[in-house]
Every structure is written in C-alpha cells, then in structure tokens.
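The structure appears right after this line, and notes come after that.
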Amino acid sequence: MLNARCRPSLIFSLRRHFNIQARPHVEDERWPGWQVLVGIETHAQIKSRRKLFSGASTDSTKAQANINVSVFDASFPGTLPSLNGTCVDLAIRAALALKSSVQTWSTFDRKHYFYSDLPVGYQITQRYAPFARGGFVQCDENMVNIQQIQLEQDTGKSTFDPRTRTSFIDLNRAGTGLLEIVTHPDMRSPEEAAVYVRNLQALLRAVGASDGNMELGSFRCDVNVSVNRMGDPPGVRCEIKNLNSVKFMTIAITSEVKRQIDHLTTTGTGVSQETRGFSEHSFETYTLRSKEDAPEYRYMPDPNIPPLQISQDHINCVRATLPALPDQVREKLLVHYGLPRRDVDVLMSIDNGKDVMFDGEENKKGAFAYFEELCAPGRSPKVVSNWMIHELLGQLSARKESFLECAIDANRFGELMDLVTNGLVTRTSAKLIIQQLLSETEGRKSPRAFAEELQLLALPSTAEDDGELTALCRDAIQSLPGEVAAVRKGNTNVLNKIVGKVMKESRGRVDAKKARLCLEELLRSANQ
Amino acid sequence: MHRVPRPHNTRFLSSLSSSSSSNAYNALISHAPRTEHGNGPLKGVNVAVKDNICTKDLRTTCSSRMLADFTPPFDATVVSLLREAGARVVGKANCDEFGMGSLNVHSSHGPVVNPFRPSSGSTSPPRSAGGSSGGSAAAVAAGLCDVALGTDTGGSVRLPASYCGVVGFKPSYGLLSRWGVVSFADSLDCVGVLGRSTEGVIGAFDVLNQFDLRDPTAASQELRTQASDLSQSSWDGDIKHLRIGVPQEYFPTELSHSITAPLRKVLTALKKKGATIVPVSLPRTSYALSAYYVISSAEAGSNMVRYDGVQYGHRVPPPPGSDWTKTARVFAHTRTEGFGREVKKRVLLGTYALTADAFDNYFLQAQRIRELIKADFDEVFTAPNVLRPSSSSPSQPTLTNDGQGVHVLLHPSAIRTAPLLPSASSTTSAEGEEEDLSSYVQDVLTVPASLGGLPALSVPAGVAQSGSSGQEGTGDEEDGDGWPVGVSVVGQWGCDRMVLDVGRAVEEVVREL
C-alpha cells in the first residue's frame, strides 16, 4: 500500500505522452504535414476567504504587503498546517464540474526547493495520491481529457529592484490554495488550447471554485507543446511556463510550434526537452532550463497532514448544492425560457462567473438568479430579458457599476416592471425611477412610493376626455407655433417634437402614444 | 521518598559552564522572572521547558546558533496548558540542537552535566545527562524544577531520564499537542514529561492530555476514548492479572551486564507480587535503528529547510564576491554557520534519502520496516491497536511463547549507564568523531516504541551494582559504576494510563528492594 502511495507515477507520465486521442487529422495551413499536440497544466487559485492550511485571509490584491500572513505562512518554528475544509469543498465542486472522479483517499506531499518567497522551503502538494482523477472539458466538438486535479499551496511574491539590488518579498499570497489541473495532450492547435482555457475558466467560475483571472494571476497556465510529422509518434515536448493571458498563450504556442518545426527541419536532430519562458516583447519562447537542470524536488509525504478522506456521502452533499454549470444555464435559457440566442449570450456574459462569492457562498444577485426570480411569478421571460438587458444593464454600465453592485433587488425591479405593464407608470418614467433607485444610497423605497413621491404615476388612462392631458397638449401647441405649422404642412416627424414637449411638461407621466393621439386630434380639429 | 541526588562536586565544571552555581549543570539556559503561581491542579509546580518548545516570554533557541535570539510570538499548547493549570515556567532547558543527539553535547549552549552523584561520594569525571532532553532531565534531577517538558523523537526523554535517575514518559504519538513544538521529525516527535516520580509525571500528563485542533496529527477524542476503554477492559489494575512481556531482542550484545542485574531484580519482585513474566519476541527490532535514522533524518532535512535567515533567526549576508545566481547559494552562508555539525550530518543524510534515486531504497524501505515494527508490537499486546483497524480484529498474539498477549513490555531503557562527557579538548576539536556510532547504538532500545508511536516510560530501577567486591572505578566504568539504571515500560497505543500504572508498580518494588 505504501509502495503504491509513494511511488512516482511513471505510468502517468508515459500516458501523458502516448495516450493520444484518436481523431481525424485536420490539416493546418500554417504547418501542413505536421501534427501539434498541446497539453495544459493550470494553476487556479481557490476562491476561499482563507488560505489552504492557515486562517490568514487570501486577499493578496488590495492589502499592503505582508499583511495577510499567519505564523504558519511565515514558516515560524513550531507551527503546523490545518487543512481548510472550505478549500476541499470548492475543489470537490471543481472536480464535479470537470466530471473528474474525487478520490476518497488522497495525500499531501512536500516538494522542496530553496526560494525566498517560499519561506518554509517546500510547497505542500499532492504528488503521489492526487485529489481527483479523470474528467474532461467539452470544447466545441472535441473533448479535452483531464488527467488529474491536485490541491497545493501558492507561493509568495518576490520582486527585484535592480537599481538597489534588493529583493522584496510579499507573503500575502503564500499558502493560498491552488487547484492544479492537468490535461492529456488532447489539443491540436493554439486555438483549441484557447477554447479549453476559456471553457475551464467559465466552469471554475460558475461553481465558484476560482476567479479564473489570468491577468491578475489567479489562473496561470503552463503549456506543453510537441510536434510530429503525420504518421510519426509524438515528438518531444517543451513546457512553456507562466503565460498570463489567453492571447499570449495562443501566440506562445504558435511561436513554439514554428520553432520546433524549424529546429526539426533545419538541424535534423530531435527537439530537446526543456522548460521555456515566453517574451511578451519578442513574442518568442526562450530556454529557462533544460531537462538536465531539472531540480531535485525531494518529494516526501508530509508527515503533518493525515490522508484526506472524503466520503461518497459528502461528495453527494456538495453535488446537491453545486451551482448550475454554464452549459446547463445556456440550455435552460434557450429551451425552458425560450430566449433568443442573442439575449442568452448577453445574459450569460453579465459578470461572468461572479454569481458565486468567496467560500462558495451563493450570491442571489447573480444575473441568472435575478432573471429566474423575475420570471418566477409568471412574467414573460422575453419581457424580463428585455428589461434587464435594455433598461437595467444600460444604466448600470452608464454608472460604471457591475451587475453585482446593482442596488435594485429583483423584487423591486419586478414591481417596477408590473407598474409599467399595468399602465401605472410609463416606460419613460420607469427609466427615471430606475435611475433614482440606483443612486439611492440608503432606504429601500418601493418603486411605487418613488413614483408617487416624484408625481410620476401615469395620468388615469381610463378617462378619454382627460382634462389635464388636453390642457398640456394645448399649451404645447401654443408654445411651438413653428413646429405646429410644419406639421400642418405635412411634416409629421415634427409632431414628435411636440409630443416631447408634452412629455417634458408632464414629467413623463403621460403615455406618449396617448399624447400623440390627443395632439393629432387637437391639430385636426383646429384645421377644420 | 525517591532519592534526590546531591549536587556534584563542581570544581571541574568551571571549564564546561560559565554560568552561576545554581545552574552548575548547564541544565537551564534561560530563567523566567519569578511570578506567582496560578490556581489549578498544578498550583505550586515549577516546570522547566525544553528549549525546542515555544514560549512567548523566553527565547526558544533549540540550542542552535540559528535561533540564538529567537523569541516566538506564541506559547506552545503544552506550555499554555501548564500555565493555565497553575504551574510556573522557571526556565528553558538545554538540549541537543533541534533535538538531534543522544548525549546533549550538540548544543550551542555547551553540554549538560549529569547532576547525579554516586553514593560512594568519590569525585569522577563529568558524565553526560543523555539527550536530547538532557537539560530537562538534569533540571529535574538537580531539583531546579519539579517537572520538566522534553521532546522524544527516538528516545530523547527516556534516555536522559535513565542516565539521570529520573522518571521520563513519552506518551502515545498524537496525545500531546505538538503546536509550538519545533519540529525535528514530525511523524515521531512527541512531547514528553520528566519528573522525580511517576506520580508527578501523571499530574502533568493529565493536564497536557488534551485534544488540540491546531495539531493536525492530534488523535481524535473518539480514538482516545476507544483506546482507553480497551486498555481498561484488558487489565483491571490488579498486579496479579498483569502480564509483562520481556522482549528477547532488547538484550543486544552492546548491553552492559551491570544493566541487567537491576532489571532482573525488578522482574523478580514483580513476579513475587503475582505478575506473570512472559518472554516475547519482536523479530524485526534489529531493523528499527536504521529505519529510524532514515525516516527521522529525511523529515529533519525537510524541516530544517526553513532556516534560511530570511524571515527570522541567524543570518549571514553573503560576503562580497559571492555567488548570487541561485537562492540556495545565498542561503548556504547562513546555514553553514547557523547549524551545528550533527544537524548538518542528518540534513545531508535526509536529503540523500529523499533524492529520486535513493527514495525507494531508503525512504520507502524504511517506511515498510516501520509498518513491520508496528505489526510486531500489535502481535504481542492483548489490547488491539485502534490506529491499525486491520490488526484490531481479536488477534491471536503469536510472538509470545505461550500464545497469549501481554499488557506491557519491560526492558532496559539504555544499553549502559551515563557515559563520560567528551573532555573539553575533544569537544572543541570535533565533537568526538569516534563517539558518533556508539551514540546511535544507544538509541537501539528506544526507537522501536517511537516508530510504533507507543507510550513508553523510563523508571529508575536503582543503580548499576558493582561486583561482589564493591569497589569503585575498577577501570571498566560500565561495570557496576553505581550510576542510575532505568527500565522501560511500553504499552499499546493509547494505553498510557496502563503504562503509568505499571510504572508506579515498578517504582514501588524498586523502593522496597
């Protein structure tokens, strides 16, 4: 048993290289006659409030340096790790989203190396018995298979000032939980790699396992690239490390493929296995270290952390509260709610993946949840989606606010929609009310109370011979003689301007259609 | 009452220790300001704490230059528990650097001198207090405290207890919190208690025996209860029902003859009181020592990586012209100067054991042996091991000659009495190159219980008797030199109370001898 637990999985590294997905070759005009194999190793920061083995906060972006550091994170003698169960649950969510099989028994190991931003001198990872095995990410018509998922610690950050020759070390990030997600070499082009990364991001965000932010470093990809002539066995792979955007990743793979093909065709010797970096200036990869320089990590089972045992019951529990996955949401919006694809795309792009807060807590204000809540009392999904997309999102973006910052909860937004549907508030007034509600800093007034206060309740729609409307229209005709003359000459477009005047004077309380009818009536009668 | 050793003639000690006469044995390396005792079960009890256990008001140097000025920002859980129970921490006890050593000579504070003085009263060269918790044992023996905390990774509490003539207890692994205990080898490290009597040790142990959430290797409350229930149902406390196993492998050729005589007397006395003495075999014992050194060194190597001079502790800035190309080369200056010779040796051994080429043959092999050692123990004890459910089925003990299990094992704690301290000149020259191997052999009797995580108690069993002539200093100081001899009581995991009760019985018969 110990043997199985501790022996490095040679089988897996071989599989990684030779278990090649069978699918028809699609010739790529950039490199005809060649097959490209790409595998990706992703490090995604777990979206938990606290670190993987300590109680310190994970906030490493806003805080000043070395604020969120516990004695354990700073490797003080006498400190011991204690596994954060929330991180484990988020990792289970990730595994479920990737259809990966959570292992009921996994273990933690130490990976040793000396570096100033790794104060304890080793990273706690899962080398011998990973957290989850198998799984896949559907990428268009292809499947990218997952080899394994493991839990591990992030390092601190070090920055070097060449002028003063000083290293600065910030341990805020040190010890934050990471999910390492390793694929099989199932991608055949830079573009397929990009699709995989985007889909993986979307999945992890949807279940709240990670923010998946490449630019901010909460989601980092190392890419393995190999090339071979069609019909030949797979070539020797090179790993490109630390790519911090999908765009750069695509460029790096393209450049690396060209480099390897160039090497093979010009030198006639094989590609040598190495770890490479990517220059964002020259758009080329460069040698970081060769296989011979590969560090000796001296992996050792961590004697402080007992094996992580997860029961099937617990996995089922997590599954029961798993937020909807992007594909499920899309399917539901399209089929169940019958929304047009264009609306679905917009709704799904709103604050993509921020529906789930830290520690996997659900955020009721997420766009999909908001939409469902609005539809629940039987409102038309199409109307709801229109209101959300055209009225709410528009004003939010004008205010430079994200959907999550929206001050109008679904309840009140629904009430406002109903006021309009029932003719109590005009659509124009509704816009004004939304504006007011969004800037409301305290108090949660109902839209109706707002409408009353601002005298925006529509004029009674039943009274045909509404004295007030007629009076407003007469005033407008009187104050705009030039426009009236133009209308009478047959330039009916100018009528809109007079309608606008009425609307303005009524502060939007009148229905524009009714105002138009009334004006036409008045002008007609005056003509005769 | 138990004999409190009189202080040694201290004339020769000035060269070894420059400290005041109150610390003539170099046992305590820092002293706490006098404070009032709190209220609680340990009110009035003075405690010395081994210097690898964190105290927020006293430096915690681990006897290493690396941590010469290090004061932790927190108390270890065991220290907090003692303080809460009314005990007063009087100071920090000298030890081998980071707990690595058997003689307490590998210390930045200098060696600890054994305070014991043979009854003949003659002066003799200073002897070792044993290690690594030598300062803790010496502080108890010299009456500088009532109880001392030590740590025991492979015998570091039991061996000095045996050499200094005090009681030393290493509880089951996982019972006493390791939060705040500076790691040497995490899978083996145990906090231990030393005292002048088993009674005193029990008092402190009862306070310390608490589940601690901050120790991920702490045994759960369920396991504790389960084990103590099984322990109570296997032995009712009546010495007439006690079955004591004597493991034949614990009498190696290195064992001094003067050690076996006191042990024999204890066994005879216990038998006279109705206990059954059973010869048993733990056939894999001979592999224990090498497995222990591979595992403990591998873990030590890993735990020592953090001492790089960046976050805390000693730092040596790279001299001008140094190689800055690799972080490790920058750290090397600090580590070369900060660590002592023994620590460096074990770090190197441990580092090698974990390299990809050696991992299978050394580290994994040692882990397999560790499992076999545990299996050996499980086969002789009547109580099942609650940590190894596979073996907890009503097992038929097979390694005893009558086919029945035993409640505890009894064997010598050490292969000899306290050895002489290396002379001042050899200490400074090479810390005694030739003594190294024999000091490792010294652990042969104590490491199996460490590998098994079992409770083990060393109780004084009198002194090594000289031959019929009664002469002192016959040239062979190992033969009947009148220095203390300890016997060890080892029990099944979680049967700590049983081990302590048997220890009390041993203490009683020794007193009556």
Side-chain angles (χ1 to χ4, degrees), chain A residues 1-8 53-55 66 69-83 108-124 127-128 156 158 160 165 167 169 171 174 293-308, chain B residues 52-54 60 62 67 70 72-74 76 98 177-183 185-189 213-218 295 298-299 301-308 310-313 324 326-332 335 350-357 359-360 363-364 367-368 370-371:
Chain A
M1 191 161 86
L2 253 165
N3 191 0
R5 174 184 165 189
C6 297
R7 189 182 294 276
F53 293 109
S54 85
N66 295 312
V69 183
S70 73
V71 279
F72 173 79
D73 304 323
S75 80
F76 269 57
T79 58
L80 295 167
S82 73
L83 182 59
F108 292 91
D109 308 294
R110 296 178 178 179
K111 175 184 180 177
H112 299 87
Y113 60 93
F114 286 104
Y115 209 71
S116 41
D117 59 19
L118 185 71
V120 76
Y122 54 80
Q123 177 195 32
I124 302 177
R127 162 115 172 140
Y128 298 119
S158 51
F160 184 70
R165 292 174 56 78
S167 284
I169 298 159
L171 296 181
D293 295 338
E296 165 67 75
Y297 288 125
R298 294 178 284 123
Y299 286 98
M300 180 183 92
D302 194 310
N304 283 329
I305 310 170
L308 173 57
Chain B
N52 62 350
I53 300 175
C54 292
T60 298
C62 301
L67 294 176
F70 179 70
F74 54 89
F98 289 105
S177 169
R178 288 191 299 118
W179 173 263
V181 177
V182 180
S183 296
D186 300 282
S187 76
L188 296 155
D189 292 345
L213 253 179
R214 286 175 297 182
D215 178 357
T217 55
I295 293 170
E299 293 184 19
S302 171
N303 286 324
M304 294 299 119
V305 185
R306 72 184 66 200
Y307 303 105
D308 54 21
V310 176
Q311 320 293 332
Y312 46 77
W324 286 78
K326 287 215 166 100
T327 314
R329 291 182 190 155
V330 176
F331 292 172
R335 293 167 62 79
T351 300
Y352 173 69
L354 291 178
T355 53
D357 290 342
F359 188 75
D360 276 26
F363 189 78
L364 284 190
Q367 296 290 1
R368 289 185 204 106
R370 187 173 188 175
E371 293 305 306

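Just so it is clear: chains get the letters A, B, ... in the order the sequence lines come, proteins before strands, and each one is counted from 1.
Within the 4.5 angstrom heavy-atom criterion, no atom of B:I53 approaches chain A. With a 4.5 Å cut-off on non-hydrogen atoms, A:V71 touches chain B through its side chain but not through its backbone. B:N303 touches chain A through backbone and side chain together, each having a heavy atom under 4.5 Å away. Looking at B:Q311, only its side chain comes within 4.5 Å of chain A, counting heavy atoms on both sides. Neither the backbone nor the side chain of B:A76 comes within less than 4.5 Å of any heavy atom of chain A. B:T60 does not touch chain A: none of its heavy atoms, backbone or side chain, sits under 4.5 Å away. Using a 4.5 Å cut-off between heavy atoms, B:D308 touches chain A through its side chain atoms alone. With a 4.5 angstrom heavy-atom cutoff, A:I169 touches chain B only via side-chain atoms.
Closest heavy-atom contact between A:S167 and A:F160: OG-CD1, 3.4 Å. Annotation for B:R178 and B:D189: closest pair CD-O, 3.2 Å, computed over non-hydrogen atoms.
A cation-pi arrangement is present between A:K111 and A:Y297 under the rule of less than 6.0 angstrom and at most 45 degrees off the ring axis.
By the neighbour-count criterion of 12 heavy atoms within 6.0 Å, atom OH of A:Y113 is densely surrounded, having more than that number from other residues, nucleotides or ligands.
Checked by atom type and distance alone, the side chain of A:S70 pairs as donor or acceptor with a backbone atom of A:D73 at under 3.5 Å. Using modelled atom types, no side-chain atom of A:H112 and backbone atom of A:Y122 make a donor-acceptor pair closer than 3.5 Å.
Every residue meeting the side chain to side chain donor-acceptor pair (under 3.5 Å) condition with B:R370, not counting sequence neighbours, appears here in chain and number order: B:S187. For B:Y307, the side chain to side chain donor-acceptor pair (under 3.5 Å) criterion is met by no residue, not counting sequence neighbours.
The choice from B:I295, B:T217, B:V310 that makes the most heavy-atom pairs within less than 4.5 Å of chain A is B:T217. Here A:Y115 is the residue among A:F53, A:F72, A:Y115 with the most heavy-atom pairs under 4.5 Å with chain B. For the set B:F74, B:F70, B:Y312, B:W324, the entry with the most heavy-atom pairs within less than 4.5 Å of chain A is B:Y312. For the set B:C62, B:G301, B:S302, the entry with the most heavy-atom pairs within less than 4.5 Å of chain A is B:S302. Of all the listed residues (A:P77, A:A74, A:P119), the one sharing the greatest number of non-hydrogen pairs under 4.5 Å with chain B is A:P77.
A donor atom on one side chain and an acceptor atom on the other are found under 3.5 Å apart for A:D117 and A:S158.
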